[in-house]
Amino acid sequence: MLSVLSLFAVCAQVALSRSVPYNGPQTAFVSDVKVPVVLGVMSRCPDALLCESVWDRVLQRVGDKVDISLSFIAKPNASDEIYGVTCLHGMEECAGNVHELCVAKYHPTPEWWSFLHCENFQGRAQVGLPDTAVKCAEVAGFQWENDRARECAGDNGQGHEGVRLLQESVKTSMQLGIKTSCTILINGRQVCIHDGTWYECEGGHTPADFIRQINEEYERLNDVD
């Protein structure tokens, strides 16, 4: 994870829409509009882990051109007194979603992306557990215990702010029409899904395919000849 972070950190820092944008080296283009990328996921979903591993390779190449975020999939459930949603892989997945949202809110993309991949590396059954959050925070370069992300997530992934972020993320997924983990959107357009296998991927599904699509969209957004 650290090697990924070091490679990615040299790029301009991408952040979620609710985070601070990248402040890395300026490109030669005056406009420099980042390409919005959304991964519709569930934190304990095997398809999400595979999808995120593919995008890890994409970001190493074009991370300075991308504004990437996660949008979580769950079912609204007013009777759930803790989260207000039902996560397909159980309450621990809801906690994992909260951990990742809170870290993304309070840390730049290289750090939250490293945290995410550390959690994935521990195995799906460890995502959302307090000990995993502590370990992966250290891998990402910060201390969980005294961090604002921990205050957001709470001791067990049930913090008030984190739960609100999860509910908002689920609403966003519904608004975007994201129903399957993992669904990939580039600049608001669904370009690919992985659910057991890749499908509806007109532009391809390899890292090289996504890199090409990002470059093309970046040039279009910035009117690069």
Looking at [X] and [Y], would you say the former's side chain and the latter's main chain have a donor-acceptor pair under 3.5 Å?
{"X": "Lys75", "Y": "Val85", "result": "no"}
{"X": "Glu138", "Y": "Val134", "result": "no"}
{"X": "Ser181", "Y": "Cys45", "result": "no"}
{"X": "Thr132", "Y": "Gln126", "result": "yes"}
{"X": "His194", "Y": "Ile184", "result": "no"}
{"X": "Asn156", "Y": "Gln158", "result": "no"}
{"X": "Glu93", "Y": "Arg44", "result": "yes"}
{"X": "Asn120", "Y": "His117", "result": "no"}

Is there a path of hydrophobic side-chain contacts, each under 4.5 Å between heavy atoms of I, L, V, M, F, W or Y residues, that connects [X] with [Y]?
{"X": "Ile178", "Y": "Met174", "value": "no"}
{"X": "Leu49", "Y": "Trp113", "value": "no"}
{"X": "Trp112", "Y": "Val66", "value": "yes"}
{"X": "Leu129", "Y": "Leu166", "value": "no"}
{"X": "Val33", "Y": "Val38", "value": "no"}

Greater than 12 external heavy atoms within 6.0 Å of [X]'s [atom1]:
{"X": "Arg148", "atom1": "CZ", "result": "no"}
{"X": "Met91", "atom1": "CE", "result": "yes"}
{"X": "Arg57", "atom1": "CZ", "result": "no"}

Parallel, tilted or perpendicular for His205 and Trp198, by the 30°/60° rule?
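His205 and Trp198: parallel rings.
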With side chain to side chain contact (heavy atoms under 4.5 Å, CB included) as the criterion, how do Lys135 and Trp144 come out once you've worked through the C-alpha distance, each side chain's angles and the decisive distance to 0.1 Å?
CA-CA 8 Å; Lys135 179 184 298 183; Trp144 181 254; over 6 Å; no
Do Ser43 and Asn97 have a side chain donor and acceptor closer than 3.5 Å?
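The answer is yes; a qualifying pair exists.
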Without hydrogens or angle criteria, can the side chains of Ser53 and Asp56 be said to hold a donor-acceptor pair below 3.5 Å?
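No - no donor-acceptor pair under 3.5 Å links their side chains.
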Show, in sequence, the C-alpha distance, side-chain angles and deciding distance for Glu216 and Arg212, and conclude whether the salt bridge (charged side-chain N to carboxylate O under 4.0 Å, His left out) test is met.
CA-CA 6 Å; Glu216 291 173 352; Arg212 185 192 69 252; 3.8 Å; yes
Got a salt bridge between [X] and [Y], using NZ or NE/NH1/NH2 to carboxylate O under 4.0 Å?
{"X": "Asp64", "Y": "Lys34", "value": "no"}
{"X": "Arg189", "Y": "Glu217", "value": "no"}
{"X": "Glu168", "Y": "Lys171", "value": "no"}

Any side-chain heavy atom of [X] within less than 4.5 Å of one from [Y]?
{"X": "Val41", "Y": "Glu100", "value": "no"}
{"X": "Arg124", "Y": "Pro46", "value": "yes"}
{"X": "Tyr83", "Y": "Val170", "value": "no"}
{"X": "Asp147", "Y": "Gln143", "value": "no"}
{"X": "Leu165", "Y": "Val98", "value": "no"}
{"X": "Asn215", "Y": "Lys65", "value": "yes"}

Identify the two heavy atoms, one from Ala48 and one from Met42, that lie closest to each other, and give their separation to 0.1 Å.
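In this case the closest contact between Ala48 and Met42 is CB-O, 3.3 Å.
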If you compare all heavy atoms of Glu119 against all heavy atoms of Gly96, which two are closest, and at what distance to 0.1 Å?
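Taking Glu119 first and Gly96 second, the nearest heavy atoms are OE1-O, 4.4 Å.
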Output, in order, the C-alpha distance, side-chain angles, deciding distance and verdict of side chain to side chain contact (heavy atoms under 4.5 Å, CB included) for Trp55 and Leu39.
CA-CA 9 Å; Trp55 274 87; Leu39 305 182; 4.0 Å; yes
One pair to check against side chain to side chain contact (heavy atoms under 4.5 Å, CB included): Phe72 and Thr172. What are the steps and the verdict?
CA-CA 8 Å; Phe72 286 99; Thr172 297; over 6 Å; no
Hey, what do you get for SG (Cys94) to CG (Asp80), rounding to the nearest 0.5 Å?
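It comes to 6.5 Å.
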Could you go through Phe142 and His107, starting from their C-alpha distance and side-chain angles, then the distance that decides it, and tell me whether this counts as ring pair (Phe, Tyr, Trp, His ring centres under 6.0 Å)?
CA-CA 9 Å; Phe142 63 95; His107 290 270; 3.8 Å; yes
Under the side chain to side chain contact (heavy atoms under 4.5 Å, CB included) rule, what do Val191 and Glu200 come out as? Steps first, then yes or no, please.
CA-CA 7 Å; Val191 299; Glu200 296 184 14; over 6 Å; no
